[in-house]
Amino acid sequence: MMNESIKIEENVKKVLSEIAAGNDRGEKITLVAATKTVPAELINVAVKAGVEVVAENRVQEFREKTDLIVGARQDFIGHLQTNKVKYLVGRVDTIHSIDSLRLAEAVSAEAEKRNVSQKILIEINIGGELSKSGFTPDNAEEAFFAISALPRLNVCGLMAMLPKTEDENLKEKLCLQMRGIYDKINLGGGGLSVLSMGMSADYKTAIRCGSNEIRLGSALFGKRV
């Protein structure tokens with residue numbers, strides 16, 4: 001555990017140093033630690049090393065670990081079923097994975113019930129992959145305005161997962177397309193501040209092409225099951 005803790009601390013400091021200059025637009029980059037299967041004590045090592053935001057992929061893991069994590073904002077980044085929103089609304093800072101109007105409506109209804117405002121990101125399936133959920137790039141703007149009209153939701157930004165590919169040109173093209181969608185919504189008065197794009201295998205490309213939030217798991221904690 002001691003050696004693992006030292007490695008995590010080194011990894012966190014390395015990434016924070018890499019992103020300190022901001023993205024290609026001069027925006028500050030937020031590092032989100034993706035903590036699926038990571039024990040709470042190791043998450044806290046990352047937090048002490050400088051991670052300010054941690055995020056779970058699974059509702060059950062969030063519920064098990066949330067009270068054990070000290071000093072970090074807690075988000076949710078996994079696929080979310082409507083029957084589980086009750087476990088997250090008002091308990092996590094931001095839900096990153098709003099991938100349908102139906103899910104947005106369920107989160108809105110739960111937020112109304114709890115009398116809270118819930119921060120969310122809208123998920124865009126930028127690669128058009130059948131294995132991934134989310135709105136298409138073509139209906140991203142329409143989805144933003146429809147979801148923004150729902151009560152008790154604070155739409156902070158957009159989220160995307162890039163395809164697993166070695167094609168650097170494709171990754172750059174998709175990142176720039178996402179940035180274009182983000183900028184277009186803001187030109188229309190959207191008020192977005194978060195473009196969450198880039199994981200352990202592609203975060204450097206994402207930052208170079210306009211991302212201002214990255215979600216890293218293995219780059220911080222090593223490979224996990």
Side-chain angles (χ1 to χ4, degrees), residues 23 25 27 29-30 32 34 53 55-59 62 73-163 173-199 206 209-215:
N23 66 10
R25 271 81 168 167
E27 299 166 341
I29 299 162
T30 299
V32 177
V53 187
E56 286 294 339
N57 282 70
R58 298 167 179 158
V59 172
F62 167 76
R73 186 183 108 195
Q74 295 185 47
D75 288 3
F76 185 81
I77 57 176
H79 180 68
L80 181 59
Q81 296 170 307
T82 55
N83 65 337
K84 292 188 177 176
V85 300
K86 62 189 176 186
Y87 300 118
L88 299 181
V89 171
R91 294 188 171 97
V92 296
D93 184 272
T94 306
I95 299 172
H96 291 226
S97 44
I98 300 298
D99 58 7
S100 69
L101 183 57
R102 181 168 170 263
L103 178 58
E105 288 168 343
V107 172
S108 172
E110 188 66 26
E112 280 207 289
K113 189 191 297 184
R114 293 181 179 276
N115 198 29
V116 298
S117 176
Q118 179 63 58
K119 290 197 276 190
I120 63 167
L121 303 183
I122 297 173
E123 183 172 354
I124 309 301
N125 185 354
I126 192 62
E129 297 174 273
L130 296 176
S131 60
K132 290 192 175 85
S133 55
F135 295 93
T136 67
D138 287 343
N139 66 13
E141 206 173 348
E142 181 184 350
F144 166 77
F145 287 109
I147 291 171
S148 295
L150 295 171
R152 299 282 180 176
L153 297 185
N154 178 3
V155 183
C156 300
L158 307 177
M159 183 271 266
M161 288 186 284
L162 298 175
K173 177 187 170 187
L174 294 176
C175 286
L176 291 169
Q177 186 182 3
M178 269 302 300
R179 182 70 201 205
I181 293 166
Y182 174 86
D183 289 341
K184 187 179 180 188
I185 289 172
N186 276 341
L187 281 171
L192 302 179
S193 60
V194 178
L195 179 56
S196 182
M197 180 173 63
M199 296 165 68
C209 298
S211 173
N212 57 33
E213 182 170 278
I214 55 174
R215 310 177 304 275

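All of these numbers come straight from a predicted model, not from anything done at the bench.
In terms of heavy atoms, Gly198 sits closest to Ala206 at CA-CB, 3.6 Å. Between Leu103 and Ser97, the closest heavy-atom pair is CD2-O, 3.5 Å. Between Leu101 and Ile147 the shortest heavy-atom distance is CD1-CG1, 4.0 Å. What you find for Met178 and Met197 is that their closest heavy atoms are CB-SD, 3.5 Å. Between Leu195 and Ser211, the shortest heavy-atom contact is O-OG, 3.2 Å. The minimum heavy-atom distance between Asn57 and Phe76, with the atom names listed, is O-CZ, 3.2 Å.
A side-chain N or O of Asn115 and one of Arg152 form a donor-acceptor pair less than 3.5 Å apart.
Looking only at distances, no side-chain donor or acceptor of Arg25 sits under 3.5 Å from a matching main-chain atom of Asn212. Checked by atom type and distance alone, the side chain of Tyr182 pairs as donor or acceptor with a backbone atom of Ser193 at under 3.5 Å. A donor-acceptor contact shorter than 3.5 Å links the side chain of Ser108 to the backbone of Pro151. Under a 3.5 Å cut-off, the side chain of Asn139 and the backbone N or O of Glu142 do not form any donor-acceptor pair. Judged by distance alone, the side chain of Asn186 and the main-chain N or O of Gly191 form a donor-acceptor pair under 3.5 Å.
A salt bridge links Glu27 and Arg179; the closest N-O separation between the charged side-chain nitrogens and carboxylate oxygens is under 4.0 Å. Of the charged side-chain nitrogens involved, none lies within less than 4.0 Å of a carboxylate oxygen, so that Arg102 and Glu105 do not count as a salt-bridged pair.
The CZ atom of Phe135 lies 8.5 Å from the CD1 atom of Ile98; values are rounded to the nearest 0.5 Å. Atom CD1 in Ile181 sits 9.0 Å away from atom NZ in Lys184 (nearest 0.5 Å). Here the CG atom belonging to Leu153 is positioned 4.5 Å from the CD1 atom belonging to Ile120, to the nearest 0.5 angstrom. Rounding to the nearest 0.5 Å gives a distance of 11.0 Å between CD of Glu123 and CG of Leu80. With rounding to the nearest 0.5 angstrom, the OG1 atom of Thr30 is 9.0 Å from the CD1 atom of Ile214. Annotation: the span from Leu121 atom CG to Cys156 atom SG amounts to 6.5 Å, rounded to 0.5 Å.
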Show your reasoning for whether side-chain contact (heavy atoms from CB on, under 4.5 Å) applies to Asp75 and Val92. CA-CA 5 Å; Asp75 288 3; Val92 296; 5.5 Å; no
Evaluate the criterion side-chain contact (heavy atoms from CB on, under 4.5 Å) for residue pair Arg58 and Lys84; output intermediate values, then yes/no. CA-CA 10 Å; Arg58 298 167 179 158; Lys84 292 188 177 176; over 6 Å; no
**Prompt:** For Met159 and Ile124, what are the C-alpha separation, side-chain angles and deciding distance, and is it a side-chain contact (heavy atoms from CB on, under 4.5 Å)?
**Reply:** CA-CA 6 Å; Met159 183 271 266; Ile124 309 301; over 6 Å; no
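In this structure, the side chains of Glu129 and Asn125 come closer than 4.5 Å at one or more pairs of heavy atoms. Residues Met161 and Arg215 are in side-chain contact: their nearest non-hydrogen atoms beyond the backbone lie under 4.5 Å apart. You'll find the side chain of Asp99 reaches within 4.5 Å of the side chain of His79, heavy atoms only. Taking 4.5 Å as the limit, some side-chain heavy atom of Leu174 sits within range of a side-chain heavy atom of Gln177. Taking the side chain as every heavy atom from C-beta outward, Val85 and Val107 approach each other to under 4.5 Å.
Screening Glu112, Lys113, Glu110 against Val89 for a side-chain contact (heavy atoms from CB on, under 4.5 Å) leaves a single residue, Glu110. For the side-chain hydrogen bond (donor to acceptor under 3.5 Å, both in side chains) criterion with Asp93, the lone passing option out of Gln74, Gln118, Lys119 is Lys119.
Under a cut-off of 6.0 angstrom, the local environment of NZ in Lys86 is sparse, with at most 12 non-hydrogen atoms contributed by other residues, nucleotides or ligands.
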